Novice: 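To start, I am sharing the structure in question, which I have written as structure tokens.
All values reported here derive from a predicted model rather than from experimental measurement.
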Amino acid sequence: MTLQRLARPLTLVLLSAVVLYPLVWMLGSSFKSQEEVLNNMSILPNTWTPSNYSDGWSNFDVSFGRFFVNSAMVAGLTVVANCVSCLLAAYAFARLKFKLRGFWFAIMIGTLLLPGHVLIVPQFVMFKTFGWVGGDWPYAPLIVPQLLATEAFFVFLMVQFMRGVPRELDEAATIDGCTPYGVFRHVILPLSRPALVSTAIFSFIWTWNDFFRQLVYLSDLEKYTAPVALTLFIDSSGQSSVGPMFAMSVLSLAPVFLFFVAFQRMLVEGINTSGLKG
């Protein structure tokens, strides 16, 4: 009986160790010298090298802090754009009646089957035609599409949540004189907080960690985000500053970790209440 009680916590500890080991190893490697990173595979360094953080922070002509600011701006604007546009689109699909609503909803769900990398080339050509690529504000291809509710997963999440809100509330608001906008403003919007929190958290984490799309559209060093800037530690000859790179990788993970910890309870609440229920 004792073994059965210990089996579950031991299994969870073992799985946690497997999942967290790469992160802990990277944290330890951020304090190792170049030679020790390549030769010492243990977590703790033999000789601590805290200068990796200062070297990585000022390794380029632009401070790494600038890359953090760029990432925060892109992630913040993406969160706002996704929350606003996806909420409005979800309200239309869940509560309003219009022709071919089911057809357009099916088309939107179908876009989830398309791998994002398949869309990169046509999107790049389109944005190039708009003059957004290499323009004065190169972040337009990363942010503007989010204003059009292009993230079908978040729309679907909010639609399923809104379908769980009793329609009697809409009818009561309509009897009180509310227009469809009034129903949205006074009924749906306050009750959609858990779904909005889930959308905001996932949008922030996915955008902050995004590398490929940002690499495609950002070419100016001062406009780089943190994930793209990490590639600068490897030069054209294949030489790399591994210690400083690990140090900046640790700092790049810190905002995501802190954001998740701060809103963990709201995230769980949003998942439980959204529930993807039919």
Novice: Just checking N46: does its CG atom have more than 12 heavy atoms from other residues, nucleotides or ligands closer to it than 6.0 angstrom?
Specialist: yes

Novice: Any link between V242 and I43 through a network of hydrophobic side chains (Ile, Leu, Val, Met, Phe, Trp, Tyr) touching at under 4.5 Å?
Specialist: yes

Novice: Would you say the side-chain atoms of R163 pair up with the backbone N or O of A94, donor to acceptor, closer than 3.5 Å?
Specialist: no

Novice: If I compare all heavy atoms of T111 with all of A152, which pair ends up nearest, and what's the gap?
Specialist: OG1-CB, 3.4 Å

Novice: Could you check whether atom CZ of F211 has more than 12 heavy atoms from other residues, nucleotides or ligands sitting under 6.0 Å from it?
Specialist: yes

Novice: Under the side chain to side chain contact (heavy atoms under 4.5 Å, CB included) criterion, do W137 and K223 qualify, and how do the steps go?
Specialist: CA-CA 9 Å; W137 202 60; K223 304 297 183 181; 5.6 Å; no

Novice: Please check this pair: side chain of N52 against backbone of K32, looking for a donor-acceptor N/O pair closer than 3.5 Å.
Specialist: yes

Novice: Inspect the surroundings of CG in D61 and state if more than 12 heavy atoms from other residues, nucleotides or ligands are less than 6.0 Å away.
Specialist: no

Novice: Got P166 and L169 here, is their nearest side-chain heavy-atom distance under 4.5 Å?
Specialist: yes

Novice: Are any of the side-chain heavy atoms of V144 and F130 separated by less than 4.5 Å?
Specialist: no

Novice: Verify the cluster assignment for V18 and L12: are they in a single hydrophobic cluster under the rule of side-chain heavy atoms below 4.5 Å apart?
Specialist: no

Novice: Might you point out which heavy atoms bring A195 and L157 nearest each other, and give the distance in Å?
Specialist: O-CD2, 4.4 Å

Novice: State, with a plain yes or no, whether a side-chain heavy atom of R95 is found less than 4.5 Å away from one of V183.
Specialist: no

Novice: Pair R8, V13 - check side chain to side chain contact (heavy atoms under 4.5 Å, CB included), show working.
Specialist: CA-CA 9 Å; R8 182 175 181 181; V13 170; over 6 Å; no

Novice: Could you measure the distance from the CD atom of Q214 to the OH atom of Y139? Nearest 0.5 Å is fine.
Specialist: 9.0 Å

Novice: Hey, is OH on Y181 packed in by over 12 heavy atoms from elsewhere, all under 6.0 Å?
Specialist: no

Novice: Check the angle between the aromatic planes of F64 and F67 and answer parallel, tilted or perpendicular using the 30° and 60° thresholds.
Specialist: perpendicular

Novice: Just verifying a value: how many Å separate S63 OG and W57 CH2, rounded to the nearest 0.5 Å?
Specialist: 5.5 Å

Novice: Is there a side-chain contact between V216 and F212 in this structure, where contact means two heavy atoms from C-beta onward sitting under 4.5 Å apart?
Specialist: yes

Novice: Would you say S252's side chain and A226's backbone share a donor-acceptor pair under 3.5 angstrom?
Specialist: no

Novice: Do Y217 and W132 have side chains that get closer than 4.5 Å, going by heavy atoms?
Specialist: no

Novice: How long is the straight-line distance from OG1 of T47 back to CD of E35, given to the nearest 0.5 Å?
Specialist: 10.5 Å

Novice: What about L215 and V121, same hydrophobic cluster or not, with Ile/Leu/Val/Met/Phe/Trp/Tyr joined at side-chain heavy-atom distances under 4.5 Å?
Specialist: no

Novice: As a quick check of understanding, evaluate side-chain hydrogen bond (donor to acceptor under 3.5 Å, both in side chains) for T225 and N70, giving each step before the final call.
Specialist: CA-CA 5 Å; T225 55; N70 294 339; over 6 Å; no

Novice: Answer yes or no: is there a donor N or O on one side and an acceptor on the other, between the side chain of T231 and the main chain of P227, under 3.5 Å?
Specialist: no

Novice: Determine whether L251 and M248 satisfy the following criterion, side chain to side chain contact (heavy atoms under 4.5 Å, CB included), listing intermediate values before the conclusion.
Specialist: CA-CA 5 Å; L251 293 182; M248 293 303 100; 3.5 Å; yes

Novice: Do F31 and F246 have ring centres separated by under 6.0 Å?
Specialist: no

Novice: Would you check if F105 and V159 make a side-chain contact, meaning some heavy-atom pair closer than 4.5 Å?
Specialist: yes

Novice: Please confirm whether the backbone N or O of T78 pairs with a side-chain atom of T207, one donor and one acceptor, at under 3.5 Å?
Specialist: no

Novice: Atom OG of S29 and atom CD of E36: how far apart are they, to the nearest 0.5 Å?
Specialist: 8.5 Å

Novice: Would a 4.5 Å heavy-atom cut-off, applied to side chains only, mark S192 and M158 as touching?
Specialist: no

Novice: Other residues, nucleotides and ligands only: do more than 12 of their heavy atoms fall within 6.0 Å of CZ on R185?
Specialist: no

Novice: Taking the six-membered ring where the residue is Trp, are the ring centres of F161 and F156 under 6.0 Å apart?
Specialist: no

Novice: Roughly how far apart are S241 OG and L232 CG, rounded to 0.5 Å?
Specialist: 10.5 Å

Novice: Taking E222 for the side chain and V62 for the main chain, is one N or O donor matched with an acceptor at less than 3.5 Å?
Specialist: no

Novice: S71 side chain to F68 main-chain N or O, any donor-acceptor pair under 3.5 Å?
Specialist: no

Novice: Among F202, W208, W206, F204, which one satisfies ring pair (Phe, Tyr, Trp, His ring centres under 6.0 Å) with F259?
Specialist: F204

Novice: Would you say the side chain of L196 lies within less than 4.5 Å of the side chain of L189, judging by non-hydrogen atoms?
Specialist: yes

Novice: Can you tell me how far CG of N82 sits from CD of E151, rounded to the nearest 0.5 angstrom?
Specialist: 5.0 Å

Novice: Check the hydrophobic clustering (I, L, V, M, F, W, Y; side-chain heavy atoms under 4.5 Å; chains of links allowed) and say if V256 and M73 are grouped together.
Specialist: yes

Novice: Search all heavy atoms of S85 against all heavy atoms of A81 and return the closest pair with its distance.
Specialist: OG-O, 2.7 Å

Novice: Between V80 and L88, is there shared hydrophobic-cluster membership here, with clusters defined by ILVMFWY side-chain heavy atoms closer than 4.5 Å?
Specialist: yes

Novice: Of all heavy-atom pairs between S203 and F154, which one has the smallest distance, and what is that distance?
Specialist: OG-CE1, 3.3 Å

Novice: Give the minimum heavy-atom separation between A247 and Y53, together with the two atoms involved.
Specialist: O-CE2, 3.5 Å

Novice: Quick one, F124 with L119, criterion side chain to side chain contact (heavy atoms under 4.5 Å, CB included). Give me CA distance, side-chain angles, the key distance, then yes/no.
Specialist: CA-CA 8 Å; F124 183 86; L119 304 176; over 6 Å; no

Novice: Between F127 and P141, what is the shortest heavy-atom contact and its length?
Specialist: CD1-CB, 3.5 Å

